[in-house]
Amino acid sequence: MWQIWLITAGFFFILEIVTTTFLVFWFSVAALITMVFSFFISSKLILFSIFVVLSAALLFATKPFVKKMTVKAPSKSLLCPLQQPLCCH
């Protein structure tokens, strides 16, 4: 069963590289942690529940951190006057 969680983690890591949203990364971390639990627990339902709970906890726990790290595009009001389009009169 641990092989499935390792493949799942790898899939989410590759998906994170493609999307660059820093959202899917936490699913891969949750899959790796669930893989460790799979050495001790054989129930697929319990393992899936652990994966879901860990994914949600990681997403919500790191949301403030991700908000600080993301850079927002400047609004037009913050642009230098020289960058404003010229109009012909």
Side-chain angles (χ1 to χ4, degrees):
M1 189 69 187
W2 67 269
Q3 297 94 341
I4 293 173
W5 291 110
L6 184 61
I7 292 168
T8 303
F11 171 76
F12 283 129
F13 272 126
I14 291 170
L15 191 61
E16 176 61 35
I17 291 170
V18 173
T19 60
T20 66
T21 59
F22 207 61
L23 174 73
V24 184
F25 175 76
W26 301 116
F27 293 121
S28 58
V29 171
L32 286 176
I33 296 171
T34 305
M35 181 187 74
V36 173
F37 278 105
S38 72
F39 291 119
F40 308 105
I41 301 170
S42 61
S43 172
K44 292 177 185 175
L45 180 63
I46 293 173
L47 289 172
F48 184 73
S49 300
I50 290 171
F51 172 74
V52 170
V53 169
L54 282 172
S55 297
L58 287 169
L59 282 172
F60 289 118
T62 58
K63 190 174 181 178
F65 172 73
V66 173
K67 274 190 170 184
K68 285 183 189 178
M69 298 303 289
T70 54
V71 178
K72 295 181 182 177
S75 65
K76 286 188 176 184
S77 63
L78 296 177
L79 292 176
C80 175
L82 296 176
Q83 293 176 332
Q84 297 296 328
L86 299 173
C87 56
C88 302
H89 290 186

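The first residue of the sequence shown is numbered 1, and numbering continues consecutively from there. Side chains included, hydrogens not; waters and symmetry mates left out as well; all remaining heavy atoms used. Owing to the predicted nature of the structure, the values given are computational and were not obtained by experimental measurement.
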Atom pairs and distances, side-chain donor-acceptor, residues 33-47, under 3.5 Å, sequence neighbours left out:
unit_1, atom_1, unit_2, atom_2, d
T34, OG1, A30, O, 2.7
S38, OG, M35, O, 2.5
S43, OG, I46, N, 3.4

Could you list the donor-acceptor pairs under 3.5 angstrom formed by side chains in residues 4-17, with sequence neighbours left out?
unit_1, atom_1, unit_2, atom_2, d
T8, OG1, I4, O, 2.7
E16, OE1, L23, N, 3.4
E16, OE1, V24, N, 3.1
E16, OE1, F25, N, 3.0
E16, OE2, F22, N, 2.7

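S55 and F27 make their closest contact through OG-CD2, 3.4 Å (heavy atoms, listed as atom of the first residue, atom of the second, distance). Considering every non-hydrogen atom in both W26 and T62, the closest pair reads NE1-OG1, 3.2 Å.
When each of V52, V53, L54 is checked for a side-chain contact (heavy atoms from CB on, under 4.5 Å) with I50, only L54 meets the rule.
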